[in-house]
Amino acid sequence: MAGAPLPTDEKARLEALHQLDILDTPLEEAFDNLTRLTAGVMGVPISLVSLVDQNRQWFKSNFGLEARETPRHMSFCAYAVYQQDILIIENAKADERFADNPLVTGEPYIQFYAGVPLYSQDGFVLGTLCIIDREPRSLSTDQADQLRSLAQQVEQLLKLHLQTRKLKEQIVHTEAINARYQAASQGAAAGIVRINGLGHILGVNRHVCQMLGYSEDDLLGKNVSMLMPPHWGDHHDNYLAAYQRSGVAKVIGIGREVTALHRKGYGIPVHLAVSEIARQADRDDFEQRQFMGLLTDITDLHETREQLREAKNQAEQANRAKTDFLSSMSHELRTPLNAILGFSQLLQNSRNPLPERKQRQAEQITRSGRHLLSLINEVLDLTRIESGQMLLSLESVRLNDVIREAVEIVQPLADEQGIRLVSQLPGSGSGQVYGDYTRIKQVLINLLNNAVKYNTEDGSVTLTYKVSNQACRISVLDTGIGIPANRLGELFQPFSRLDAEHGSVEGTGVGLALTHKLVRLMDGNIGVNSQPGEGSVFWFELPLSDPALLSTKTPITRASARSQNSPNTTHNVLYIGDNPALVEDELQQNENLVVQCAPDVDVGMEIACSDEPCVIMISMDASNVNGFEAQQLLNRNLLTACIPVIALTSDASQQLAGRAQDLGFHAYLVIPFEPGTLSDRVRKILDQETR
Ligand code: ADP
């Protein structure tokens with residue numbers, strides 16, 4: 001007995017059977033009812049739902065038979081599976097395929113067999129619904145049809161079994177996801193609120209309850225707007241409605257900082273991230289749509305931010321106070337210092353020459369005074385830049401001109417120290433930069449001075465510049481002591497002298513800090529390359545002047561700083577001449593006028609450039625002051641050109657009055673003046689400026 005041949009699709013058929021996951025499952029009433037019904041309708045003692053496995057046939061239902069399975073090679077059903085059609089064996093003993101089958105020759109003594117194939121949903125024959133009798137018999141066409149119908153019912157049950165199995169799998173899967181979500185949600189260190197499209201709360205986690213002082217029951221089913229400050233909550237329903245209408249989300253997917261409302265009524269700063277739970281089935285039913293809000297308490301962050309803001313404010317205040325202090329101290333120091341300088345110069349230049357020793361002492365006073373003055377001026381400039389009061393007069397500057405002037409100023413120092421100072425300038429007109437003439441000169445003088453001061457015996461200083469596309473790079477190269485790489489970072493810090501304070505070279509340690517700030521203020525860059533023992537190259541770059549650029553950049557003038565006049569603002573008035581009492585007596589009743597006196601034009605220019613006097617008065621009678629020359633100098637200097645200058649003279653002739661006005665004096669006043677005349681003039685000028 002060989003058994004039935006294998007179907008051609010046996011492998012796929014077995015896969016379909018195993019996918020059902022029904023083999024060896026317990027008996028089920030639905031299947032048993034069907035086999036009982038089949039046996040009853042067909043009038044047979046045995047009816048089976050037989051599933052043909054690889055080596056056996058297994059019975060999902062076995063009405064009238066005890067065995068749950070038999071070997072495949074004895075199986076009648078395997079033949080029905082093979083031929084994929086109803087198999088009817090009226091008398092097994094007369095059929096050579098079954099005559100010697102142990103199921104025929106022994107229990108259950110099969111004589112009659114009819115089996116209808118059971119198909120899976122995708123068309124594989126899984127087994128049969130069969131009926132068995134111990135007597136030979138036949139099956140009418142009607143009975144065969146009935147048996148087919150009953151087999152279809154079994155197929156339905158198998159389909160249902162498959163669906164149930166898949167559903168169970170899904171439930172297990174969903175339960176796992178739920179468990180994970182619950183664990184993540186309840187254990188999360190952030191609040192989670194789930195709402196529907198109407199804003200009703202569907203779920204909250206523990207954290208949100210703790211954060212906002214509610215129990216879960218307090219919140220479920222309520223409108224989520226109860227967790228928001230009233231002005232915000234009122235808009236929330238409208239917001240959801242607008243989202244429903246337009247589909248345009250303003251909040252979803254965008255994290256932002258908002259305030260959540262605690263049960264006790266106070267606000268808690270939170271970071272809120274809202275996302276929509278994408279569920280295809282609920283797309284058109286807004287009420288069923290769900291949104292999840294993730295709330296993170298950022299109270300600590302807020303406090304830290306507040307502390308930082310406070311610290312920043314305090315630091316800024318302290319910095320302002322420091323700047324104000326330095327600025328007013330420097331101002332206060334300048335007045336007596338100018339007197340010291342003035343008198344020491346008077347002593348040196350007096351008609352009766354001083355004895356040599358006294359002359360040396362007077363020179364020392366002048367030198368120290370000048371040193372102190374330059375320190376004060378640099379500090380003043382620094383504080384002006386820091387407080388945003390440094391005003392530049394930006395214009396197109398011919399580099400060759402400004403370099404020449406700077407070199408002229410530094411040349412005496414270079415000669416004194418035996419340093420060769422060379423400027424290698426391209427042809428005239430090649431370098432035009434956009435900057436403030438006086439400040440560029442200041443930068444150049446500082447770099448050249450340093451290059452000379454920190455040079456070595458018989459050293460040299462070379463100044464060059466190179467024009468590129470956008471900018472012009474000016475380099476000051478020296479053969480001096482150089483700077484170690486690890487100290488380059490300190491160079492541009494105020495009061496940092498890199499140990500030069502222990503040497504013999506005089507300095508303040510402020511020059512490079514100021515230079516750096518000035519260059520940056522003119523939209524430039526500054527840097528240094530240095531090799532200890534070999535020398536340094538200090539360079540700075542300034543933007544090239546471009547005619548188009550010039551027309552769009554409004555020159556910044558000093559007037560804008562002075563326009564902040566108020567009755568309480570004090571104003572400097574500068575007097576250049578040898579009889580300060582002349583103006584001091586006249587102006588001292590005006591509390592908001594500070595009179596500064598300069599004994600000569602040089603000191604006068606220095607004060608005028610750094611102190612922004614509102615008016616300058618020049619004595620035309622003083623022996624060491626050439627009033628017309630002084631006026632021309634002031635007029636040419638961008639920092640002083642717009643300061644009104646009053647000439648004070650004892651010459652009442654009309655001729656002088658005419659010349660004075662031609663030269664651009666604001667006015668000339670004849671000494672002795674009527675009491676109040678000078679004050680009135682100054683006041684008028686101030687009034688015009690405030691307007
Ligand atoms: P100072 O008044 O001391 O010259 P600066 O701010 O101009 O102040 O310079 C800061 C320090 O940088 C100087 O004290 C010096 O140690 C160093 N330095 C500046 N220029 C040079 C240079 N060309 N070569 C070597 N060292 C320099």
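Source: prediction; values computed, not measured. First listed ligand is number 1; within each ligand, the first listed atom is number 1.
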Ranked by distance from atom 3 (O) of ligand 1, the top protein heavy atom is Arg497 NE, 2.5 Å
Mind checking whether Glu501 contacts ligand 1 via backbone (N, CA, C, O), side chain (CB onward), both or neither, at a 4.0 Å heavy-atom cut-off?
neither
Shortest protein heavy-atom distance from atom 2 (O) of ligand 1, along with the residue and atom involved
Thr508 N, 2.7 Å
pair Glu629-Leu633: side-chain heavy atoms closer than 4.5 Å:
no
Any salt bridge (charged side-chain N to carboxylate O under 4.0 Å, His left out) involving residues 361-370? Give me the pairs, sequence neighbours left out, ordered by first then second residue.
Arg370-Glu606
Nearest-neighbour protein heavy atom for atom 6 (O) of ligand 1, which is reported as residue plus atom name and distance
Leu512 N, 2.7 Å
How far is atom 7 (O) of ligand 1 from its nearest protein heavy atom, and which residue and atom name does that atom have?
Asn450 ND2, 2.8 Å
Atoms in ligand 1 flagged as close to Ala500, the criterion being non-hydrogen separation under 4.0 Å
14 (O), 16 (O)
Answer with yes or no whether the side chains of Asn525 and Arg473 bring together a donor and an acceptor at under 3.5 Å.
no
Salt bridge check, Glu257 against Arg305: does any charged N sit closer than 4.0 Å to a carboxylate O?
yes
Side chain, backbone, both or neither: Ser496 near ligand 1, heavy atoms under 4.0 Å:
backbone
Please list, in number order, the atoms of ligand 1 under 4.0 Å from a heavy atom of Ser536.
24 (N)
Please check this pair: side chain of Ser545 against backbone of Tyr434, looking for a donor-acceptor N/O pair closer than 3.5 Å.
no
How close does the nearest protein non-hydrogen atom get to atom 24 (N) of ligand 1, and which residue and atom is it?
Tyr454 CB, 3.5 Å
Is the backbone of Phe538 close enough, under 3.5 Å, to the side chain of Ser536 for a donor and an acceptor to pair up by distance?
no
Taking only Lys NZ, Arg NE, NH1 and NH2, and the carboxylate oxygens of Asp or Glu, determine whether Lys312 and Glu316 approach each other closer than 4.0 Å.
yes
Carboxylate-amine/guanidinium contact Arg420 Asp458, below 4.0 Å:
no
Between Asn338 and Ala598, is there a donor-acceptor pair closer than 3.5 Å when you use the side chain of the first and the backbone of the second?
no
Heavy atoms only, cut-off 4.0 Å: how does Asn446 contact ligand 1, side chain, backbone, both, or neither?
side chain
Please check this pair: side chain of Thr479 against backbone of Ser460, looking for a donor-acceptor N/O pair closer than 3.5 Å.
yes
Any atoms of ligand 1 less than 4.0 Å from a non-hydrogen atom of Gly509? List them with their elements.
1 (P), 2 (O), 3 (O), 6 (O), 8 (O)
Considering only the protein, which heavy-atom contact is closest to atom 17 (C) of ligand 1, and what is its distance?
Leu491 CD2, 3.9 Å
Which is it for Val510 and ligand 1 at heavy atoms under 4.0 Å: side chain, backbone, both or neither?
backbone
Taking distance alone, with no angle check, do Gly507 and ligand 1 share an N/O pair under 3.5 Å?
no
Do me a favour and list the nearest non-hydrogen protein atom to atom 26 (N) of ligand 1 with residue, atom name and distance?
Ile483 CG1, 3.5 Å
Just jot down the ligand 1 atoms closer than 4.0 angstrom to any heavy atom of Leu498, in number order.
16 (O)
Could you find the nearest protein heavy atom to atom 22 (C) of ligand 1 and give me its residue, atom name and distance?
Phe538 CE1, 3.7 Å
